[in-house]
Each structure stands twice: as C-alpha cells, then as structure tokens.
Amino acid sequence: MLSKPATMLLGLIYEKPLNAYEIIKLLNYMNVKWWFNIADSTVYSTLKTLEKKEYIIGTAEKVGNMPDRTVYNLSEKGKDEFISTLKASILQFNYDTNIFSIAAFFLNTFTPEEQQKLLQERLTVLQKYRTGIEKQVNPLWENEVSATHSANVKRMIDLVDAEITGTNRLLESCNKNA
C-alpha cells in the first residue's frame with residue numbers, strides 16, 4: 001500500500017500529467033494543508049521515490065526561455081498500485097482519517113457503481129468495528145476500569161459513528177451521480 005503523500009500525488013497525476021510546481025500549486029489551491037500537512041519538500045522527494053519505483057514517468061519539457069521542467073505521467077504499474085491503494089484505504093478503518101480522506105478525494109477514479117459497492121463494503125467494515133468496540137462496554141467492565149478508560153472507549157465509538165455518517169454522505173452523493 002502506498003504512503004499517504006504518494007497516494008495524493010498519484011491521484012493528482014492520475015487526473016492529468018503535472019510537474020512538481022503544478023502539484024504544489026494545486027495542493028495549495030485545494031487547501032489540502034488544512035486536513036493533510038504535506039510540505040513542498042515532501043512533494044519533491046515523493047516524486048523521486050515514485051519515479052524510482054516506476055509508478056510515474058517523468059518527461060522533460062521546454063517552455064519558452066524557462067529551464068526544462070519534468071512533467072509526470074502515471075505508468076500502468078503506478079495506476080494499478082494507486083487503484084489498489086484506494087480500494088484498500090476505503091475498505092479499512094483507521095483512526096488516522098487522512099487515509100480515507102485521500103481515498104475519498106479520488107473516488108471519481110471509479111465508476112459510480114464501483115463507488116457505491118466500495119462505500120457499502122466500507123459501511124459493513126465500520127459497523128463490524130463499532131460492534132466489536134461496543135462489546136467491551138458493559139456495566140461490569142465500566143466498574144473495573146477508570147472513568148478515563150471508559151470515556152476513551154466511548155470516544156472511539158463516536159469516531160466510528162462519524163465515519164459512518166461521512167461514508168453515508170459520500171454514498172448519497174454517488175447515488176445522485178449514478
């Protein structure tokens with residue numbers, strides 16, 4: 001599975017070929033920094049790593065009197081890895097919600113039918129996760145653990161509930177697009 005920065009960059013390049021400067025400008029324009037902190041230096045180092053792994057192919061372009069710039073395209077290997085990572089990110093629950101946020105950002109990679117199927121599967125995963133956490137909460141258990149521990153487990157349920165709500169919202173938007 002790709003790293004979060006690699007997934008974000010491959011997603012942007014999947015949509016259209018870009019150079020590093022364009023990627024940075026696009027991330028700033030989309031206000032990504034408010035939910036996923038990715039430094040300019042991370043963009044450059046991640047692009048180099050992706051190129052070494054042959055997930056992207058850089059082509060030098062000359063524009064006017066400017067120095068050459070490298071424009072990146074996704075390779076088939078990169079496309080396969082990107083789609084595989086998106087699916088895995090959608091079908092798991094992680095308290096680091098950026099993983100799913102990045103995957104959700106690129107849901108349009110899939111057909112509306114695939115989007116609906118993946119999001120329905122995510123809801124099943126989330127519900128199982130919630131049920132598992134709920135099994136822990138009972139009066140006997142609450143008497144044996146600290147109030148802080150009990151509150152933290154209930155907070156975990158709240159986080160799963162928020163993911164369920166958000167996933168349902170995405171599913172509704174997919175249904176409108178179908």
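Just so we're clear, the structure is a prediction, and the values are computed from it rather than from any experiment. Residues: numbered from 1 along the sequence shown.
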| query | Can you list the steps and then say if T131 with E134 is a side chain to side chain donor-acceptor pair (under 3.5 Å)? | reply | CA-CA 5 Å; T131 300; E134 278 182 328; 4.7 Å; no
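- Nearest heavy-atom pair, W35 versus S101, reported as atom, atom and distance to 0.1 Å: CZ3-CB, 3.7 Å.
- Clustering ILVMFWY residues whenever any of their side-chain heavy atoms sit less than 4.5 angstrom apart, transitively, puts I38 in a cluster other than the one holding M1.
- The pair E121-K117 meets the salt-bridge criterion, since a charged nitrogen lies less than 4.0 angstrom from a carboxylate oxygen.
- L12 and I57 fall into different hydrophobic clusters, where Ile, Leu, Val, Met, Phe, Trp and Tyr residues are linked whenever their side-chain heavy atoms come under 4.5 Å apart, directly or through other members.
- Inter-residue side-chain proximity for M8 and V32 is flagged as met; some heavy-atom pair is nearer than 4.5 Å.
- Taking all atoms of both residues into account, the shortest heavy-atom contact from L10 to G78 is CD1-O, 4.0 Å.
- Relative ring orientation between Y129 and Y95 is described as perpendicular, the plane-to-plane angle rising above 60° on a 0-90° scale split at 30° and 60°.
- Contact detail for L140 and N138: the closest heavy-atom pair is N-OD1, 3.0 Å.
- Considering all non-hydrogen atoms of both residues, K53 and K77 come closest at O-NZ, 3.1 Å.
- For the atom pair L170 CG and Q115 CD, the distance stands at 9.0 Å (nearest 0.5 Å).
- At a threshold of 4.5 Å between non-hydrogen side-chain atoms, the residues L107 and F105 do not count as touching.
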| Between T42 and N37, does a side-chain contact (heavy atoms from CB on, under 4.5 Å) hold up when you go through it step by step? | CA-CA 10 Å; T42 303; N37 190 11; over 6 Å; no
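- Taking CD from Q127 and CG from D161, the interatomic distance works out to 8.0 Å, rounded to the nearest 0.5 Å.
- Here the closest heavy-atom approach between residue A20 and residue V43 is recorded as O-CG1, 4.3 Å.
- Side-chain contact between L2 and E81: present, with at least one pair of heavy atoms (C-beta onward) separated by less than 4.5 Å.
- Cation-pi geometry between R122 and F100 is satisfied (NZ or CZ under 6.0 Å from the ring centre, within 45° of the ring normal).
- L74 and Y44 fall within the same hydrophobic cluster, defined by Ile, Leu, Val, Met, Phe, Trp and Tyr side-chain heavy atoms under 4.5 Å apart, directly or through other members.
- Between L119 and C174 there is a side-chain heavy-atom pair separated by less than 4.5 Å.
- Rounding to the nearest 0.5 Å gives a distance of 11.0 Å between CD of E172 and OG1 of T167.
- For the pairing with I56, the side chain to side chain contact (heavy atoms under 4.5 Å, CB included) check across L47, L18, L9, N73 returns one residue only, L47.
- Checked options T46, T85, D96; the residue passing with K4 is D96 (criterion: side-chain hydrogen bond (donor to acceptor under 3.5 Å, both in side chains)).
- In this structure, W141 is a member of the same hydrophobic cluster as I133, with clusters built from ILVMFWY side-chain heavy atoms closer than 4.5 Å.
- Contact annotation: the side chain of F110 approaches that of I83 to within less than 4.5 Å [non-hydrogen atoms, C-beta and beyond].
- Although no hydrogens or angles enter the test, the distance criterion places no donor-acceptor pair under 3.5 Å between the side chain of S150 and the main chain of S146.
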| request: Decide ring-ring contact (aromatic ring centres under 6.0 Å, His included) for F82 and Y55; before the verdict, give the C-alpha distance in whole Å, the side-chain angles of both, and the deciding distance to 0.1 Å. | output: CA-CA 9 Å; F82 172 65; Y55 292 157; over 10 Å; no
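- Linking Ile, Leu, Val, Met, Phe, Trp and Tyr residues whenever their side-chain heavy atoms come within less than 4.5 Å leaves M156 and I99 in two separate clusters.
- Atom CD of E22 is separated from atom CG of L27 by 12.0 Å, given to the nearest 0.5 angstrom.
- Within the model, atoms CG of L118 and CG of L171 stand 10.5 Å from one another, a figure rounded to the nearest 0.5 Å.
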| Please walk me through it: do K154 and E142 pass salt bridge (charged side-chain N to carboxylate O under 4.0 Å, His left out)? | CA-CA 11 Å; K154 290 175 184 174; E142 288 192 81; 2.8 Å; yes
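- Annotation: side chain of I164 is in contact with side chain of V160 (closest heavy-atom distance under 4.5 Å).
- Results of the side chain to side chain contact (heavy atoms under 4.5 Å, CB included) test with E163 over L126, N168, D158 single out L126 as the only residue that passes.
- Distance check, rounded to the nearest 0.5 Å: CG of N98 to OG1 of T7 gives 11.5 Å.
- The two residues A103 and I90 have their closest heavy-atom pair at CB-CG1, 3.8 Å.
- In this structure, N31 contributes its side chain and W34 its backbone to no donor-acceptor pair below 3.5 Å.
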| task | For I157 and R130, run side-chain contact (heavy atoms from CB on, under 4.5 Å): C-alpha distance rounded to whole Å, both residues' side-chain angles, the deciding distance at 0.1 Å, then the answer. | result | CA-CA 6 Å; I157 292 171; R130 189 185 196 291; 3.4 Å; yes
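- Side-chain contact between R69 and K62 is absent, with no heavy-atom pair separated by less than 4.5 Å.
- Here the side chains of E114 and T111 are in contact, with some heavy-atom distance below 4.5 Å.
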